[in-house]
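Read the structure below first, then the notes.
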Amino acid sequence: MALLPYAYPLARPFLFSLDPEEAHERTIDALARFGGTPLQWAWCSARVDDPIELAGLRLPNRVGLAAGLDKNARAIDGLGAMGFGFVEVGTVTPLAQPGNPRPRMFRLPQAEALINRMGFNNDGLAAFVANVKSSRFHSGLRTSGGRQRMILGLNIGKNAATPIERATDDYLACLAGVYPHADYVTVNISSPNTKNLRDLQSDAALAALLAALKSRQAELADEHAKPVPLFLKIAPDLDESQVQAIADALRKHAIEGVIATNTTLSREAVKGLPHADEAGGLSGAPVRGASNRVVRQLRAALGEGFPIIGVGGILSGADAVAKIEAGADAVQIYTGLIYKGPALVQEAARALRQRRGGR
């Protein structure tokens, strides 16, 4: 039997005694080092089977890991052992970059939240692809037990030094690099921690970016003889007219799916708390309402059948169900994993399966 229900509650006080980024780095190091070894039993969990077809992909269940936790794709095997139906790694940029100065990650435990201003720190596209290719978990269509493997998403962005007018070049370079190794590719235009990045959500800039990506996607599909769907990740800090404009662009350019949402710039829900005034994106429980609102607006604008992955504020099975009821087809977690531990994956997956009539 896995130690999962007991290991994280024991480990969390130690991890929370560390600087948040140091705790993050130590966790990824352990997952990368011990994934696929007997020590993996400290966090592994039986995957809940609740398959769904989404954007031409068959997800083993509807609970995924959001991008940002494993920026360099070092711990795919270790993360996959937690029972996710899909795991998304990145964000990767064409060239390695250090990100923003430290400290750049802050816990707000009273609100079950984080603020980060990491700034797409990563080792660059070449190292990222090498790590993906070396992943044992992703090396075959099925796991050693004969079950369908999880789905792998690769999240792409632009370098901080690249002028916003040349952002498309970075996204095209990343798309070409990750395409052969991805089940789906997420285009991240919504991080608040890269200067002017969110400007790409505006009408003209978004149209130009999506048109270029779709053209290159078609070329890569022919070159590699496989389709790889594109998802667009958007912010929660959008009004209804902006959400409608993005939905129209998704339809117009035949983008296969959307991920809603990234972190928020709002501090309304954490006013007065320590670190609340730190710059960066706020994630966790306080973003739940805004994320669910954007998901509802997207579903209304896009209609039934358009793939929506909901992320933001999932810290329980009930939160995952609420995201689905808002209009999402599947969900992703990140901050909830830090506060609740790997047991949250199975809790959320079981809740979603039960809602659909499974046991």
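- The side-chain heavy atoms of Ile309 and Val258, taken from C-beta on, include no pair separated by under 4.5 Å.
- Partners of Asp29 by side-chain contact (heavy atoms from CB on, under 4.5 Å), not counting sequence neighbours, listed by chain and number: Arg74.
- Side-chain contact between Leu337 and Val345 is present, with heavy atoms from C-beta onward closer than 4.5 Å.
- Looking at every heavy atom in both residues, Arg149 comes nearest to Asp183 through NH1-OD2, 2.8 Å.
- Following chains of ILVMFWY side-chain contacts shorter than 4.5 Å, one cannot reach Met105 starting from Val287, and the two form parts of different hydrophobic clusters.
- With salt bridges taken as basic N to acidic carboxylate O contacts below 4.0 Å, one links Glu256 and Lys214.
- None of Val331, Ile308, Ile324 except one satisfies the side chain to side chain contact (heavy atoms under 4.5 Å, CB included) rule with Val295; the exception is Ile308.
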- Message: Using the rule given for side chain to side chain contact (heavy atoms under 4.5 Å, CB included), can you reason through Met82 versus Ser45, listing the C-alpha separation, both sets of side-chain angles and the distance that settles it, and then say yes or no?
- Response: CA-CA 5 Å; Met82 293 182 188; Ser45 176; 5.6 Å; no
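- Counting only heavy atoms from C-beta outward, the side chains of Lys71 and Val89 never approach each other to under 4.5 Å.
- The pair Asp50-Arg356 meets the salt-bridge criterion, since a charged nitrogen lies less than 4.0 angstrom from a carboxylate oxygen.
- Under the 4.5 Å side-chain criterion, counting only non-hydrogen atoms from C-beta, Ile234 is in contact with Val294.
- Not counting sequence neighbours, the partners of Asp248 by the side-chain hydrogen bond (donor to acceptor under 3.5 Å, both in side chains) test are Gln244.
- Heavy-atom minimum distance, Met150 versus Arg47: N-NH1, 3.8 Å.
- Of the N and O atoms on the side chains of Thr186 and Asn155, not one donor lies less than 3.5 Å from an acceptor on the other residue.
- Leu265 meets the side-chain contact (heavy atoms from CB on, under 4.5 Å) test with Pro192, Arg198, Asp237; sequence neighbours excluded.
- Closest approach of Leu344 and Ile314 over heavy atoms only: CD2-O, 3.6 Å.
- Using a 4.5 Å cut-off on side-chain heavy atoms (C-beta onward), Phe86 and Leu57 make no contact.
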- Message: Please evaluate residues Asp329 and Arg299 with respect to the criterion side chain to side chain contact (heavy atoms under 4.5 Å, CB included), reporting the C-alpha separation (whole Å), side-chain torsions for both, the decisive distance (0.1 Å), and the verdict.
- Response: CA-CA 10 Å; Asp329 299 292; Arg299 181 56 71 203; 3.0 Å; yes
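- Aromatic pair Phe16/Tyr339: ring centres closer than 6.0 Å.
- Although no hydrogens or angles enter the test, the distance criterion places no donor-acceptor pair under 3.5 Å between the side chain of Gln97 and the main chain of Gly124.
- With sequence neighbours left out, His275 forms a ring-ring contact (aromatic ring centres under 6.0 Å, His included) with Phe106.
- Judged by distance alone, the side chain of Asp77 and the main-chain N or O of Ser135 form no donor-acceptor pair under 3.5 Å.
- Each salt bridge (charged side-chain N to carboxylate O under 4.0 Å, His left out) pair with one or both residues in residues 300-324, not counting sequence neighbours, appears once here: Arg288-Asp319.
- Defined by atom type and a distance below 3.5 Å, a donor-acceptor pair is present between the side-chain atoms of Thr93 and Asn122.
- Salt-bridge check for Arg293 with Asp239: failed, with every basic side-chain N at 4.0 Å or more from each acidic carboxylate O.
- Checking side-chain atoms of Arg62 against main-chain N and O of Leu352 turns up a donor-acceptor pair under 3.5 Å.
- Between the side chain of Asn61 and the main chain of Gly83, a donor-acceptor pair closer than 3.5 Å is present.
- Considering only heavy atoms from C-beta on, Arg12 stays 4.5 Å or farther from Ile338 through its side chain.
- Take Tyr334 and apply the ring-ring contact (aromatic ring centres under 6.0 Å, His included) test, not counting sequence neighbours, and it matches no residue.
- Ile28 is connected to Leu154 through a chain of hydrophobic side-chain contacts under 4.5 Å among Ile, Leu, Val, Met, Phe, Trp and Tyr, so both are in one cluster.
- Note: the hydrophobic cluster containing Val63 also contains Tyr8 (ILVMFWY, side chain heavy atoms under 4.5 Å, direct or indirect links).
- In this structure, CZ on Phe120 lies 10.0 Å from CD1 on Ile156, to the nearest 0.5 angstrom.
- Using modelled atom types, one finds no donor on one side chain facing an acceptor on the other under 3.5 Å when comparing Asn100 with Asn193.
- With Arg216 as the fixed residue, the side chain to side chain contact (heavy atoms under 4.5 Å, CB included) test singles out one of Leu172, Thr168, Leu230: Leu172.
- Atom CG of Asp199 is surrounded by more than 12 heavy atoms from other residues, nucleotides or ligands within 6.0 Å.
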- Task: Decide yes or no on salt bridge (charged side-chain N to carboxylate O under 4.0 Å, His left out) for Lys271 and Glu268, but give the supporting numbers first.
- Result: CA-CA 6 Å; Lys271 278 184 177 178; Glu268 194 65 32; 3.5 Å; yes
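- Around atom NZ of Lys226, more than 12 heavy atoms belonging to other residues, nucleotides or ligands sit under 6.0 Å away.
- Using a 4.5 Å heavy-atom cutoff, the side chains of Ile189 and Leu232 are in contact.
- Between Pro98 and Asn121 the shortest side-chain heavy-atom distance does not fall below 4.5 Å.
- Checked by atom type, the side-chain pair Ser316/Glu347 shows no donor-acceptor distance below 3.5 Å.
- The ring-ring contact (aromatic ring centres under 6.0 Å, His included) check on Phe231 picks up Tyr184, with sequence neighbours excluded.
- A donor-acceptor pair under 3.5 Å is absent between the side-chain atoms of Ser215 and the main chain of Ala211, judged by distance alone.
- The side-chain hydrogen bond (donor to acceptor under 3.5 Å, both in side chains) search around Arg33 returns none, not counting sequence neighbours.
- Of all heavy-atom pairs spanning Ala328 and Gly310, the tightest one is CB-N, 3.7 Å.
- For Phe34, the ring-ring contact (aromatic ring centres under 6.0 Å, His included) test picks out no residue, with sequence neighbours left out.
- Scanning all heavy atoms of the two residues, the minimum distance from Val270 to Pro286 falls at CG1-CG, 3.8 Å.
- For the side-chain hydrogen bond (donor to acceptor under 3.5 Å, both in side chains) test, no residue two or more places apart in sequence or in another chain qualifies with Glu223.
- Contacts classified as salt bridge (charged side-chain N to carboxylate O under 4.0 Å, His left out) and involving residues 101-113 (residues at least two apart or in different chains) are given here: Glu21-Arg102, Glu21-Arg104, Glu25-Arg102, Glu112-Lys340.
- The residue from Ile151, Ile259, Leu65 that alone fulfils the side chain to side chain contact (heavy atoms under 4.5 Å, CB included) condition with Glu88 is Ile259.
- Not one N or O on the side chain of Thr91 forms a donor-acceptor pair closer than 3.5 Å with the backbone of Gly157.
- Looking only at distances, no side-chain donor or acceptor of Asp169 sits under 3.5 Å from a matching main-chain atom of Tyr171.
- Contacts of Gln242 classified as side-chain hydrogen bond (donor to acceptor under 3.5 Å, both in side chains), with partners at least two apart in sequence or in another chain: none.
- In the hydrophobic clustering of this structure, Leu69 does not group with Leu108; members are Ile, Leu, Val, Met, Phe, Trp, Tyr whose side-chain heavy atoms approach within less than 4.5 Å, directly or through other members.
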